[in-house]
Amino acid sequence: MPTNLPAEYYQVEERYKAAESSQERIRLLEELISTVPKHKGTDHLRADLRRKLSKMKEATARGPKGGAARHKSAYHIEREGAGQVVLLGPPNTGKSALVRALTNAEPAVAEHPFTTWGPTPGMLEFHHVQIQLIDLPPLNPDYIEPDMMDLIRRADLLLLVVDLQGPTLDQIEASLDFLAAQRVVPSWGQDAATGRAMAKSILVVANKCDNEALDEDFAVLCELLGDTWPLVAVSAAHGRHFEALGQAIFDQLAVMRIYSRPPGQEVDRTAPFVLPRGSTVADFAAKVHKDFVEQFKSARVWGSGAFDGQVVSREQVLFDGDVVELRM
Ligand SMILES: Nc1nc2c(ncn2[C@@H]2O[C@H](COP(=O)(O)OP(=O)(O)OP(=O)(O)O)[C@@H](O)[C@H]2O)c(=O)[nH]1
Ligand SMILES: [Mg+2]
């Protein structure tokens with residue numbers, strides 16, 4: 001317990017201990033947290049109090065019987081589309097601005113840090129592929145929301161959003177340290193395979209790349225970091241380099257678009273099936289219809305891995321953009 005707490009802390013603590021109802025306890029705990037001065041010596045205390053507060057709020061939301069009105073965390077978000085992608089990083093880097101610019105969702109954007117308090121999902125469309133983007137609150141070592149960490153661990157891809165006009169390298173390092181402390185490491189990192197850490201695909205997104213002069217700053221950053229990291233620059237405010245970002249997300253998700261040609265009909269290029277890279281004709285058939293995988297007699301493929309219209313086996317591996325005709 002830090003010794004240099006203000007007298008006010010102890011007064012509120014007295015009232016907190018004497019509180020009768022859970023509502024009152026929550027209110028007083030919030031007040032108590034606000035009396036703790038912010039410095040290194042109180043880091044642990046503040047983290048402990050915040051944890052207690054979050055548990056209390058959760059228990060209250062669950063109701064007195066602890067099950068009937070079971071509280072579902074806002075972080076339990078159904079995966080939709082070709083992949084679930086979360087945006088994370090330090091405060092104020094433009095995570096919410098990006099989700100606003102790229103999807104139909106409208107999370108709040110503001111000049112001050114710590115604007116976002118909860119997750120907001122939206123759908124990004126990239127070349128007729130729907131990808132789920134989820135805006136998150138900033139990473140905050142003082143307070144780690146367990147449900148948010150679960151969502152991060154479940155996600156298919158993490159976008160580490162940093163500010164190209166700020167201390168970009170420090171922001172990347174601090175965010176990776178934060179994740180490593182939670183045993184989440186980049187799959188391209190050296191210690192990806194070590195220990196009990198979970199390796200995740202991480203794409204670094206340098207936001208606020210508003211003009212050509214900043215494109216040059218980005219080029220310098222790329223040189224500094226070498227080519228081991230997937231890294232893109234964008235400007236949420238000016239809509240710059242969105243195509244490159246979409247492509248990088250698509251590549252990192254390791255999926256591909258396969259088009260179905262119903263026999264005797266035209267190919268609908270606006271409705272691809274999305275499959276993991278390396279999938280076969282049989283995988284595609286299963287995706288088109290659960291019965292097809294048993295029923296189809298032959299398949300023809302147009303695309304990169306075959307001659308146009310070549311008859312192929314069930315095990316034929318497909319490539320992004322291939323057109324497949326299944327015959328029953
Ligand atoms: N110049 C410039 N400013 C931007 C850009 N994107 C966002 N901003 C500004 O940066 C500030 C923070 O944007 P937010 O989207 O709220 O940032 P955030 O990362 O969601 O912030 P937290 O929710 O606090 O973590 C706002 O004033 C935005 O207008 C950009 O591409 N260029
Ligand atoms: Mg935000």
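First listed ligand is number 1; within each ligand, the first listed atom is number 1.
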Please give the remaining members of the hydrophobic cluster of V220, linking ILVMFWY side chains under 4.5 Å, ordered by chain and number.
none

Considering only heavy atoms from C-beta outward, does the side chain of Y75 approach that of D150 to under 4.5 Å?
no

Could you see if V234 belongs to whatever hydrophobic cluster contains L214? Use Ile, Leu, Val, Met, Phe, Trp, Tyr and a side-chain cutoff under 4.5 Å.
no

Tightest non-hydrogen contact, residues V281 and A299, listed as CG1-CB, 3.6 Å

Within the protein, residues bringing a heavy atom under 4.0 Å of ligand 1, chain by chain:
P91, N92, T93, G94, K95, S96, A97, V109, A110, E111, P113, F114, T115, T116, P138, Q165, N207, K208, D210, S235, A236, A237

Centroid separation under 6.0 Å, is that true for the rings of F273 and Y259?
no

With a cut-off of 2.8 Å, how many protein N, O or S atoms neighbour the Mg ion (ligand 2)?
2

Got a sec, which pairs hit salt bridge (charged side-chain N to carboxylate O under 4.0 Å, His left out) with one end in residues 316-328, sequence neighbours left out?
R257-D320, R300-E325, E325-R327

Side-chain heavy atoms under 4.5 angstrom apart, residues restricted to Ile, Leu, Val, Met, Phe, Trp, Tyr: same cluster for Y143 and L88?
no

Apply salt bridge (Lys or Arg N to Asp or Glu O under 4.0 Å) to the pair R51 and E145, showing each step before the final yes or no.
CA-CA 8 Å; R51 212 171 296 129; E145 168 80 64; over 6 Å; no

Flag yes if I249 and F126 sit in one hydrophobic cluster, no otherwise; membership is Ile, Leu, Val, Met, Phe, Trp, Tyr, and two members link when side-chain heavy atoms are under 4.5 Å apart.
yes

